[in-house]
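One structure is given below, encoded as structure tokens.
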Protein chains: 2
Amino acid sequence: MKAMDQYQIFVVDDHQLFLDGMIRILEDEADFAIAAFFNNGNEVLHALNRTIPDLIILDVQMSGIDGISLCEEVKRRFPEIKVLFISMFEQSNVILNCKTAGAEGFLPKTSDAAIVKDTIRKIIRGETVYLKNTEKLEKKKVIFPTSIFLLSNREKEIIRLIKSGNTSKTIADILSISEYTVQTHRKNIFKKLGLVSMSELIAFAYDNGL
Amino acid sequence: MKAMDQYQIFVVDDHQLFLDGMIRILEDEADFAIAAFFNNGNEVLHALNRTIPDLIILDVQMSGIDGISLCEEVKRRFPEIKVLFISMFEQSNVILNCKTAGAEGFLPKTSDAAIVKDTIRKIIRGETVYLKNTEKLEKKKVIFPTSIFLLSNREKEIIRLIKSGNTSKTIADILSISEYTVQTHRKNIFKKLGLVSMSELIAFAYDNGL
DNA sequence: ATGTAAATACCTGAAACTAGGTATTGCAGC
DNA sequence: GCTGCAATACCTAGTTTCAGGTATTTACAT
């Protein structure tokens, strides 16, 4: 079934039906091999200790760790793994966040199977696949800077995890760092942004499309 | 391809990838025939002038006409057509709305292919398929906008105050009630909406424009 | 009148957050 | 070589939230 010349692919989505569908769509193709699939993000990092796929297909919104944080963590540990987001969201800030997290591509779930297959091949060949209008978006962001640029990538990652409802302890587990470190990041975020409570932090996250 | 003893099925979902996946999942089965599929609800009623399927699979949230309204209209004109909802939402009030609209079943998108096939056969045989454990469902994290109607005015007031960064003690002062009462309201809100933390509560407030 | 929902209030223990620190390592820029 | 930032880690003390209860009053509807 699996051969050396096949692309190894991970698929991560908390909708099992979407996974079942993707498996059937991808197994039609001789050059794809689904190395593994997951219905939540937490197990993915562990699985990478055993198998290094060529590409990971991720959803943005998942229970537990969100797709963007997962992408950043994957890229930090294994920069050679390509990441393609397939999400029901199509807002420009979501797409931009995926790009910033280091993903090679973004597709909406309204895409069809042919586009997905095509995009996977492009990304593995080294291309990046985003909707054309992201260039404009990035220029906009430069023209209208906000205090979000005070934050490091790690800090933004932690904000997203807080926003998803994770406690400091859970975040520490997900990122494989100490709970103390997470608390330090929190304090630094508060200081940089002039916040005093979690509610203000989450308000900031929403207002800035994190 | 199509035979008289096959069940004629319509599939309606605005995520083309979900459609592509469902087509492959269902075409594995000899007793199913996908009579037609649609990525929005508007064309469905028109198509019913030419073909009357045994069952229609619907998403709740779609662009154009939403799934529940479509279900009501289908049932009004063709009460013999069975309807199965497959949705990313799992809130009990959403399921209840589907039931009220006359649907024979509801499945979350976290279900797997085997469950879907099984459910389709049950429904066509005349059974109805709803999840029994709606209490557990309410603990899930996905929030549906109409959940807000579960809340009393006082509860919404307290959510707004929490969102503004107030602690239970401050809210108690503002409303001239006991801090214990605020905590009770908080717990009731969590229970009604299936939340477990303040961050989720604030996320809810944002998503619902509170 | 009986049941249900809303709003109120109290108690406790455990978990999580907030705020004040200190401190080391590594890396990029001047 | 020095500076500054990012990321890491630890400590303590105090505050707040979270989860399990119980319980009373008012009010509205079947």
Side-chain angles (χ1 to χ4, degrees), chain A residues 45 64 69 72-77 79 100-102 147-205, chain B residues 92-93 96 135-136 138-141 147-205:
Chain A
L45 293 169
S69 299
E72 282 177 346
E73 196 58 19
V74 166
K75 283 288 178 178
R76 198 179 65 76
R77 298 198 204 169
T100 310
S147 50
I148 195 171
F149 293 110
L150 294 169
L151 299 173
S152 69
N153 289 329
R154 195 56 147 177
E155 286 164 349
K156 282 185 273 189
E157 191 173 8
I158 284 171
I159 290 181
R160 276 192 293 272
L161 289 166
I162 292 172
K163 187 188 147 196
S164 307
N166 295 290
T167 66
S168 295
K169 189 168 166 47
T170 320
I171 294 170
D173 287 343
I174 290 170
L175 300 180
S176 299
I177 56 177
S178 162
E179 190 182 339
Y180 289 123
T181 307
V182 178
Q183 286 170 358
T184 303
H185 283 308
R186 273 181 106 117
K187 281 187 289 190
N188 291 336
I189 291 165
F190 282 175
K191 203 173 180 183
K192 283 184 180 178
L193 302 179
L195 310 174
V196 293
S197 68
M198 193 156 65
S199 54
E200 289 184 342
L201 179 58
I202 293 167
F204 175 88
Chain B
S92 54
N93 62 328
L96 197 60
E135 273 77 53
K136 276 185 192 165
E138 277 165 324
K139 296 212 167 138
K140 290 271 180 167
K141 296 192 174 180
S147 300
I148 196 171
F149 297 118
L150 295 169
L151 299 173
S152 71
N153 290 330
R154 194 58 148 178
E155 286 164 348
K156 281 185 270 190
E157 192 173 7
I158 284 172
I159 289 181
R160 279 190 291 267
L161 289 165
I162 292 172
K163 185 189 149 194
S164 306
N166 296 291
T167 66
S168 295
K169 188 170 167 47
T170 322
I171 294 170
D173 287 342
I174 292 170
L175 300 178
S176 299
I177 57 176
S178 162
E179 190 183 338
Y180 290 123
T181 307
V182 178
Q183 286 171 358
T184 302
H185 282 308
R186 218 186 242 263
K187 281 187 290 190
N188 290 335
I189 292 166
F190 282 176
K191 202 172 181 186
K192 284 183 179 178
L193 302 179
L195 310 175
V196 294
S197 70
M198 190 161 67
S199 53
E200 289 182 340
L201 180 58
I202 296 168
F204 174 87

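Note that this is a predicted model, so its numbers are computed, not measured. Naming convention: chains lettered A, B, ... in sequence-line order (proteins, then strands); numbering from 1 in each chain.
- Taking atom CD of A:E73 as the reference point, atom C1' of D:dT8 lies 13 Å away to the nearest angstrom.
- Across the protein-nucleic acid pair, A:I158 atom CD1 and D:dT8 atom C1' stand 11 Å apart, rounded to whole Å.
- Summarising the geometry, the separation between CD on B:E157 and C1' on C:dA7 is reported as 12 Å, rounded to the nearest angstrom.
- Across C:dC10, D:dT8, D:dA6, the shortest atom-to-atom separation from the side chain of A:K192 is found for D:dA6.
- Remark: B:T170 pairs with B:T167 by the side chain to side chain donor-acceptor pair (under 3.5 Å) rule, at least two apart or across chains.
- One atom, CD of A:E155, and another, P of D:dT8, lie 10 Å apart when rounded to the nearest Å.
- Taking atom CG of B:L151 as the reference point, atom C1' of C:dA5 lies 13 Å away to the nearest angstrom.
- Distance, B:L161 CG to D:dT17 P: 12 Å, rounded to whole Å.
- Taking 4.0 angstrom as the limit, B:T181 places a side-chain polar atom (N or O) nearer than this to OP1 or OP2 of C:dA9.
- Contacts of B:E157 classified as salt bridge (Lys or Arg N to Asp or Glu O under 4.0 Å), with partners at least two apart in sequence or in another chain: B:R154.
- For A:T181, there are no side chain to side chain donor-acceptor pair (under 3.5 Å) partners, not counting sequence neighbours.
- For the pair B:L151/B:L193, a side-chain contact is recorded, criterion being any heavy-atom separation below 4.5 Å from C-beta on.
- Qualifying side-chain contact (heavy atoms from CB on, under 4.5 Å) partners for A:Q183, counting only residues two or more places apart in sequence or in other chains: A:S168, A:E179, A:Y180.
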Footprint string (nucleotides 13-23 of chain C, 5' to 3'): B base within contact, S backbone only, - free, heavy atoms under 4.0 Å: ---SSSBBB--
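- Scored by the side-chain contact (heavy atoms from CB on, under 4.5 Å) test, B:T184 finds B:N188 as partners (sequence neighbours excluded).
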Every protein N/O within reach of nucleotides 27-30 of chain D N/O, cut-off under 3.5 Å:
none

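- Atom CZ of B:R186 sits about 11.5 Å away from atom CG of B:L195, to the nearest 0.5 Å.
- Nearest heavy atom pair, residue A:K163 against residue A:A205, reads CD-CB, 3.8 Å.
- Residues A:L175 and A:E73 meet the side-chain proximity criterion, which asks for heavy atoms closer than 4.5 Å.
- With sequence neighbours left out, the side chain to side chain donor-acceptor pair (under 3.5 Å) criterion links B:S176 to no other residue.
- Considering only heavy atoms from C-beta on, B:I162 comes within 4.5 Å of B:M198 through its side chain.
- Distances shown here put a side-chain N or O of B:Y180 below 4.0 Å from the OP1 or OP2 atom of C:dC11.
- Rounding to whole angstrom units, NZ of residue B:K191 and P of D:dG21 are separated by 9 Å.
- Distance check, rounded to the nearest 0.5 Å: CG of B:L201 to CD1 of A:I202 gives 9.0 Å.
- Under the side-chain contact (heavy atoms from CB on, under 4.5 Å) criterion, B:S164 pairs with B:N166, sequence neighbours left out.
- Between C:dA7 and B:H185, no contact under 4.0 Å exists linking OP1 or OP2 to a side-chain N or O.
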Under 4.0 Å protein heavy-atom contact, by nucleotide of nucleotides 24-30 of chain C - B base, S sugar-phosphate only: -------
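- The CZ atom of B:F204 sits 9.0 Å away from the CD1 atom of B:I189 when rounded to the nearest 0.5 Å.
- Rounded to 10 degrees, the angle between the two end axes of the helix from C:dA1-D:dT30 to C:dC30-D:dG1 is 50°, with five pairs used at each end.
- Between A:N188 atom CG and D:dA6 atom P there is a gap of 9 Å when expressed in whole angstrom units.
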